[in-house]
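Report on one structure; see the data block that follows.
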Amino acid sequence: MQNQLEIVYARLLKAYGPQHWWPADDPFEVMVGAVLTQNTAWLNVEKAINSLKQSIDISAEAILALADDELAALIRPSGYFNIKTRRLKNLSQWFLDAGGFTELLGQDTGDLRETLLSINGIGPETADDILLYAFERPVFVIDLYTRRLFSRLGLVSGDEDYETLRHLFETAMPANVSIYNEYHALIVRHAKETCSKMGDCRHCWVESAGAEF
DNA sequence: TACCAGGAGAAAA
DNA sequence: TTTTCTCATGGT
């Protein structure tokens, strides 16, 4: 398994090059983007973030200072704007209560993950996006694209629960933040390039890599 | 026109 | 406890 994951990683990196994720100015903006991108195309998230930036300097304080309907109007392009308004406020309140980024940096990864998951609106994938891309912890993000790609390659069935898959990837690959960062970004890039359809993907070159395993 | 997007939580079965 | 429903804009 270890070697197979490394082969796929090498092929993706060779095909697309470094993706330089996460596209954001600072760690808190990464967290905001992680919530806004839930089941949403990044193009729409960019519109929402740009819209936010035109009204406020993105910070936990500034988000909490906005009225719910004001915040919802600003993030409207990202969809689910009423739900995401609540989620952004929950996240911001937690962030302030915890003492901000510097204070949180001192926390153990497991503890930090647990408190993130306790916030209403932060599920496993969003928590792991935040841990990897904002706090730079070696946590492998499992998303729909990851399931789809590796189940096509025959390495997983695809219906495993989140923690099972995360554990599988984290034990098969060395705990390396820059590799985990790049790997997830490359999987998303590849999905956008050639695997945009949920069904068969016969033209996808990665699928043919399965023959090498 | 229909489908899907860098999910999560609540409700129903 | 597992499945189903809801949230919603915007691009293809």
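All values reported here derive from a predicted model rather than from experimental measurement. Chain letters run A, B, ... following the sequence lines, proteins first, then strands; residues in each count from 1.
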Roughly, in whole Å, what's the span from [atom1] in [X] to [atom2] in [N]?
X: Arg86(A); N: dA8(C); atom1: CZ; atom2: C1'; answer: 13 Å
X: Asn39(A); N: dA10(B); atom1: CG; atom2: P; answer: 17 Å
X: Glu46(A); N: dA5(B); atom1: CD; atom2: P; answer: 18 Å
X: Gln38(A); N: dC4(B); atom1: CD; atom2: C1'; answer: 16 Å
X: Tyr145(A); N: dA5(B); atom1: OH; atom2: P; answer: 5 Å
X: Trp42(A); N: dT12(C); atom1: CH2; atom2: P; answer: 17 Å
X: Ile83(A); N: dA8(C); atom1: CD1; atom2: P; answer: 5 Å
X: Ile187(A); N: dG6(B); atom1: CD1; atom2: P; answer: 13 Å

Query raised in the report: Distance between the P atoms of dA2(B) and dA8(C), in whole angstroms?
Result: 22 Å
Query raised in the report: Distance between the C1' atoms of dG6(B) and dC5(C), in whole angstroms?
Result: 22 Å
**Report entry** Val188(A) vs Trp42(A) side-chain heavy atoms within contact, under 4.5 Å
**Finding:**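 The answer is no, as the side chains (C-beta and beyond) never meet within the 4.5 Å cut-off.
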Query raised in the report: Among dA8(C), dG10(C), dG7(B), which nucleotide sits nearest the side chain of Tyr80(A)?
Result: dA8(C)
Requested in this report: Taking only the side-chain heavy atoms of Leu144(A) (C-beta and beyond), determine which of dA8(C), dA5(B), dG6(B) contains the nearest atom.
Outcome: dA5(B)
Requested in this report: Report the distance from atom CG of Asp143(A) to atom CG of Asp129(A), rounding to the nearest 0.5 Å.
Outcome: 8.0 Å
Query raised in the report: If you look at every strand shown and take non-hydrogen atoms under 4.0 Å, does Leu132(A) touch a base, only sugar-phosphate, or nothing?
Result: nothing
**Report entry** Over all atoms of both residues, closest heavy-atom pair of Thr40(A) and Asn44(A)
**Finding:**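 Smallest heavy-atom distance, with atoms named: CG2-CB, 4.0 Å.
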If the cut-off is 4.0 Å, is [X] near the phosphate of [N], judged by side-chain N/O to OP1 or OP2?
X: Asn120(A); N: dA10(B); value: yes
X: Thr126(A); N: dA8(B); value: yes
X: Lys47(A); N: dG11(C); value: yes
X: Arg148(A); N: dG6(B); value: no
X: Asn82(A); N: dA8(C); value: yes

Query raised in the report: Below 3.5 Å, does any donor atom in the side chain of Lys192(A) face an acceptor in the base of dG6(B), or the other way round?
Result: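 Side chain to base: pair found, below 3.5 Å.
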Query raised in the report: Aromatic ring centroids of Phe101(A) and Phe135(A) under 6.0 Å?
Result: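 Yes, ring centres under 6.0 Å apart.
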Requested in this report: Please assess Asp128(A) against Arg113(A) for the test salt bridge (Lys or Arg N to Asp or Glu O under 4.0 Å), listing each intermediate value before the final yes or no.
Outcome: CA-CA 8 Å; Asp128(A) 291 344; Arg113(A) 188 168 196 273; 2.7 Å; yes
